[in-house]
Number of protein chains: 2
Amino acid sequence: MDLNERKLKILHTIIADFISTGEPVGSRTLSKKYELGISPATIRNEMSDLEEMGFLTHTHTSAGRMPSDKAYRLYVNNFMQKYELPNEEKKEISDKLTGNFVELDETIRHAASLLSEITNLTSFAITPKQDEDILSYIRLIPLDNNSVVLMIVAKSGRVMNNVLKLEVPYTEEKLNILSKALTYDYKGKTICEALEGDIIKNFNTDIIAMQFLAKDIMPNFVRTLERMLDVNLYMDGLTNIFALPEYNDIYKAKSFLEMLNNKDELTKILVNREHGVIITIGDENSADIVPDCSLITATYHVDGKLLGKIGVIGPTRMKYGEVTSVIEYMSENLNDMFKLIGGSKKDD
Amino acid sequence: MDLNERKLKILHTIIADFISTGEPVGSRTLSKKYELGISPATIRNEMSDLEEMGFLTHTHTSAGRMPSDKAYRLYVNNFMQKYELPNEEKKEISDKLTGNFVELDETIRHAASLLSEITNLTSFAITPKQDEDILSYIRLIPLDNNSVVLMIVAKSGRVMNNVLKLEVPYTEEKLNILSKALTYDYKGKTICEALEGDIIKNFNTDIIAMQFLAKDIMPNFVRTLERMLDVNLYMDGLTNIFALPEYNDIYKAKSFLEMLNNKDELTKILVNREHGVIITIGDENSADIVPDCSLITATYHVDGKLLGKIGVIGPTRMKYGEVTSVIEYMSENLNDMFKLIGGSKKDD
DNA sequence: TGTTAGCACTCTACCCAAGTGAGTGCTAAC
DNA sequence: GTTAGCACTCACTTGGGTAGAGTGCTAACA
């Protein structure tokens with residue numbers, strides 16, 4: 001069967017109507033509501049064909065039709081119109097994002113919150129995966145008799161601390177020497193590179209007295225580096241789904257929220273997603289995502305390199321055009337902002 | 001009217017039954033289910049009295065009775081039995097809490113998660129309010145041409161960093177002098193004390209060349225100190241309410257989750273709560289808490305001084321005895337754990 | 001041959017009425 | 001003071017009836 005012009009037009013209209021109302025679309029309503037120039041009977045015939053082709057579904061005989069995942073995919077690929085954000089909305093986004101920037105994490109959380117507010121969907125954002133982040137500074141700073149702060153600074157500007165209890169006595173001088181040795185060894189390496197091989201074994205100092213100290217510190221160093229690789233997941237607008245009729249079913253609402261509760265799984269899904277603006281619809285998603293949901297994500301860069309992601313999750317019936325544009329615009333804004341941090345301006 | 005022995009016994013039985021079933025309790029059921037030695041008619045008379053006294057309520061004439069907030073208060077104050085946790089549960093809590101301790105925040109989050117798992121309620125925990133935390137160390141560390149890490153270490157072991165962009169040129173030596181001057185001025189003060197007065201104006205260096213640098217840095221210093229006063233709120237078990245029949249109503253579930261979404265308000269409520277194990281029932285709570293909910297919180301200490309809180313929120317119909325015991329035991333465990341951190345063992 | 005009007009049929013949603021069951025409140029007897 | 005008995009109340013369930021939106025098929029039309 002051929003997906004001719006008229007079928008496409010009908011399908012497009014059905015999808016658009018269903019996205020805005022959430023109600024199954026019938027042939028009569030369609031012909032009355034839109035100027036298609038054909039009668040309900042003809043629409044019915046075409047609908048029947050479209051159903052056979054897998055673009056429409058049916059809950060029961062006498063109900064209207066709803067778009068399938070396949071239909072949404074067609075819609076996104078072929079019909080979706082790039083939606084130009086109104087200037088005031090653009091301004092609002094820029095303003096609210098740049099407003100009171102303090103720390104990367106805070107900005108990301110803020111962005112997620114803003115995104116859910118604008119789209120009325122559930123938003124999330126993950127902080128950049130730091131595996132490509134370059135170590136620039138390692139320092140051990142005495143705190144009191146038996147504890148020391150291990151500070152690791154990366155080129156992106158992220159600083160990681162760890163308060164260590166040491167068994168072995170130390171002096172400030174010794175710590176300085178060790179700091180310099182560590183910095184010398186690891187400066188310029190990415191965190192991943194630094195973690196390659198057996199760090200603890202490979203790190204040697206010539207001075208015997210310091211070997212014990214190093215032995216005490218190195219496992220903590222490794223652990224802290226590993227923790228730098230963690231990404232944080234922020235979410236907002238969890239309760240937005242209650243405004244959607246499809247989530248009036250308490251069981252569905254519960255499943256949705258429980259899915260979002262599993263942050264580890266969700267983080268994994270987001271990290272593994274491809275770069276750029278990505279839309280995945282219904283069954284295209286991993287099995288851990290509740291049915292009839294779509295995800296839209298975009299990538300942002302820190303320092304032109306590290307990749308974080310920001311996006312939304314909602315019912316397959318979502319305003320793909322608008323939402324995608326907002327997310328895209330937001331990720332561009334984040335890119336611009338994060339060009340400036342990391343201790344290195346653009347010429348670095 | 002007198003709240004005599006028999007009335008108390010009946011009330012107690014009604015409360016216990018309602019807590020476990022969630023269904024309004026009728027006189028006939030009560031007399032059949034429990035060995036009270038009196039007939040349904042007598043129970044009815046007593047129930048009627050108890051209702052008049054404000055301990056029971058009624059949704060409609062032919063429904064059974066439910067305890068009022070006042071009844072729960074009586075129950076908690078007079079009937080609630082200290083529930084001795086079984087040893088295996090105690091062991092589970094201790095094990096899971098001490099397991100892989102890395103950072104205070106992580107432990108707190110973990111505790112909240114464990115608490116919701118055990119109680120099947122929504123749990124939360126706030127990190128300690130740091131206003132009594134004592135500054136022990138301030139340091140400015142050069143990062144590259146135009147940025148510097150400001151590091152503030154407190155006695156509790158909390159370390160705060162901030163990457164600063166400086167307008168004014170600097171040398172490592174100058175930063176060291178400034179670090180020492182700052183440490184000299186603020187070491188031993190609590191964060192609150194440090195923030196008193198106009199820090200920026202009051203901080204002076206003799207060396208003129210450094211005044212510009214100080215001017216550049218001090219506002220950031222203040223901001224970072226202020227951020228150290230923030231408390232973090234962690235929650236878990238948000239979806240646990242879906243297992244409770246009273247939250248089958250989508251509107252109630254929504255209100256509950258929206259309340260929890262307002263983290264700022266919730267944090268304020270928790271911070272302002274009294275110390276020790278506190279139970280607040282229904283209307284005793286602030287207006288920002290959804291109706292028919294009870295909160296149980298306990299305090300934990302870090303370094304014997306800083307106060308954090310951990311607790312649960314759930315329907316007024318909750319197992320007060322068991323839940324209170326679990327929270328109490330957990331807070332004791334946290335106390336024990338946090339005695340050891342902070343760079344100062346108990347004799348400090 | 002494609003399009004359309006007409007019609008029978010289907011299924012959900014809603015309303016209404018009757019019946020059921022758990023519970024109350026009152027009264028009179030013990 | 002306690003209890004049995006009884007009338008009454010109210011939510012909940014069940015079943016029938018109806019309206020409304022929709023489909024699928026067929027026959028007529030352009």
Side-chain angles (χ1 to χ4, degrees), chain A residues 1-11 13-15 17-18 20-68 245-246 248-249, chain B residues 1-11 13-15 17-18 20-68 245-246 248-250 252:
Chain A
M1 214 172 318
D2 191 29
L3 199 56
N4 60 29
E5 193 73 18
R6 193 170 71 182
K7 280 196 174 62
L8 278 175
K9 191 175 171 189
I10 292 173
L11 184 55
T13 314
I14 293 172
I15 296 173
D17 190 80
F18 188 76
S20 73
T21 66
E23 296 292 322
V25 190
S27 56
R28 230 177 95 81
T29 325
L30 204 68
S31 97
K32 259 197 279 185
K33 206 163 159 190
Y34 306 92
E35 304 269 319
L36 292 172
I38 42 177
S39 76
T42 312
I43 294 174
R44 273 206 289 286
N45 289 332
E46 298 288 33
M47 276 175 149
S48 178
D49 289 353
L50 286 166
E51 182 162 0
E52 211 176 304
M53 293 162 86
F55 290 109
L56 296 176
T57 54
H58 226 182
T59 50
H60 57 268
T61 339
S62 69
R65 261 114 172 173
M66 296 176 301
S68 66
E246 41 266 77
N248 273 353
D249 176 6
Chain B
M1 213 173 316
D2 192 28
L3 198 56
N4 60 28
E5 194 73 19
R6 194 171 69 182
K7 279 195 176 57
L8 278 176
K9 191 175 171 189
I10 291 174
L11 184 56
T13 313
I14 292 173
I15 297 173
D17 190 79
F18 187 76
S20 74
T21 67
E23 295 292 321
V25 190
S27 57
R28 230 178 95 80
T29 324
L30 204 68
S31 97
K32 258 197 281 183
K33 204 163 159 189
Y34 305 93
E35 303 269 319
L36 293 171
I38 42 177
S39 77
T42 313
I43 294 174
R44 274 206 288 286
N45 290 332
E46 297 288 33
M47 275 175 152
S48 176
D49 289 354
L50 286 166
E51 182 162 0
E52 210 176 305
M53 294 162 86
F55 291 110
L56 295 177
T57 54
H58 228 181
T59 49
H60 58 267
T61 340
S62 71
R65 260 113 171 173
M66 296 177 301
S68 66
E246 42 265 79
N248 274 352
D249 176 6
I250 194 113
K252 278 190 88 175

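Numbers restart at 1 for each chain; the letters A, B, ... are given by sequence-line order, proteins then strands. Computed from heavy atoms alone, side chains included, the values below leave out hydrogens, waters and symmetry copies.
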Do any N or O atoms of the protein come closer than 3.5 Å to N or O atoms of nucleotides 2-6 of chain C, and which pairs are they?
residue	atom	partner	partner atom	Å
dT3(C)	OP1	R6(A)	NH1	2.6
dT3(C)	OP2	R6(A)	NH1	3.4
dT3(C)	OP2	R6(A)	NH2	2.8
dT4(C)	OP2	S39(A)	N	3.2
dT4(C)	OP2	T42(A)	OG1	2.5
dG6(C)	O6	R44(A)	NH2	3.3

Grab the N/O contacts between the protein and nucleotides 10-13 of chain D below 3.5 Å, and write none if there aren't any.
residue	atom	partner	partner atom	Å
dC10(D)	OP1	T61(B)	OG1	3.3
dC10(D)	O4'	S62(B)	OG	3.2
dC10(D)	O2	S62(B)	OG	3.0

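For N45(B), there are no side chain to side chain contact (heavy atoms under 4.5 Å, CB included) partners two or more places apart in sequence or in a different chain. For S68(A), there are no side chain to side chain donor-acceptor pair (under 3.5 Å) partners two or more places apart in sequence or in a different chain. Residues passing the salt bridge (charged side-chain N to carboxylate O under 4.0 Å, His left out) test with E246(A) are R317(A), sequence neighbours excluded. With sequence neighbours excluded, no residue satisfies side chain to side chain donor-acceptor pair (under 3.5 Å) with S31(B). Not a single side chain to side chain contact (heavy atoms under 4.5 Å, CB included) links N248(A) to another residue, sequence neighbours left out.
Atom OG1 of T29(A) and atom CD1 of I14(A) lie 10.5 Å apart (nearest 0.5 Å). Atom CG of L50(B) sits about 8.5 Å away from atom CE of M47(B), to the nearest 0.5 Å. From L36(A), atom CG reaches atom CD1 of I43(A) across 5.0 Å, with rounding to the nearest 0.5 Å.
Applying the salt bridge (Lys or Arg N to Asp or Glu O under 4.0 Å) test to every pair with at least one member in residues 31-48 of chain A, sequence neighbours left out, gives these pairs: R6(A)-E46(A), K7(A)-E46(A), D17(A)-K33(A). Legend: salt bridge (Lys or Arg N to Asp or Glu O under 4.0 Å) pairs involving residues 53-63 of chain B, not counting sequence neighbours: none detected.
Nucleotide dG1(D) holds its P atom 18 Å from the CD1 atom of I43(B), rounded to whole Å. As a whole-Å value, the separation of N4(A) CG from dT1(C) P is 17 Å. If you measure from atom CG of L50(B) to atom P of dG25(C), you get 12 Å, rounded to the nearest angstrom. We find that CG of D49(B) is positioned 12 Å from P of dC26(C), with the value rounded to whole Å. Rounded to whole Å, the distance from CE on M47(B) to P on dT3(D) is 15 Å. Here dG22(D) presents its P atom at 10 Å from CG of D17(A), a figure rounded to the nearest Å.
Shown for residues 23-34 of chain B: no residue has heavy atoms falling under 4.0 angstrom of DNA chain D.
The two residues I38(B) and I10(B) come nearest to each other via the heavy atoms CD1-CD1, 3.8 Å.
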Practice problem: Determine which bases of DNA chain C form Watson-Crick or G-U wobble pairs with both distances under 3.5 Å, and write the result as a 5' to 3' dot-bracket string with | for other-strand partners. | Solution: ||||||||||||||||||||||||||||||

Please tabulate, for side-chain N and O atoms in residues 54-67 of chain A, each donor-acceptor pair with protein atoms closer than 3.5 Å (sequence neighbours left out).
residue	atom	partner	partner atom	Å
T57(A)	OG1	M66(A)	O	3.3
H58(A)	ND1	E51(A)	OE2	3.3
R65(A)	NE	E51(A)	OE1	2.8
R65(A)	NH2	E51(A)	OE1	2.8

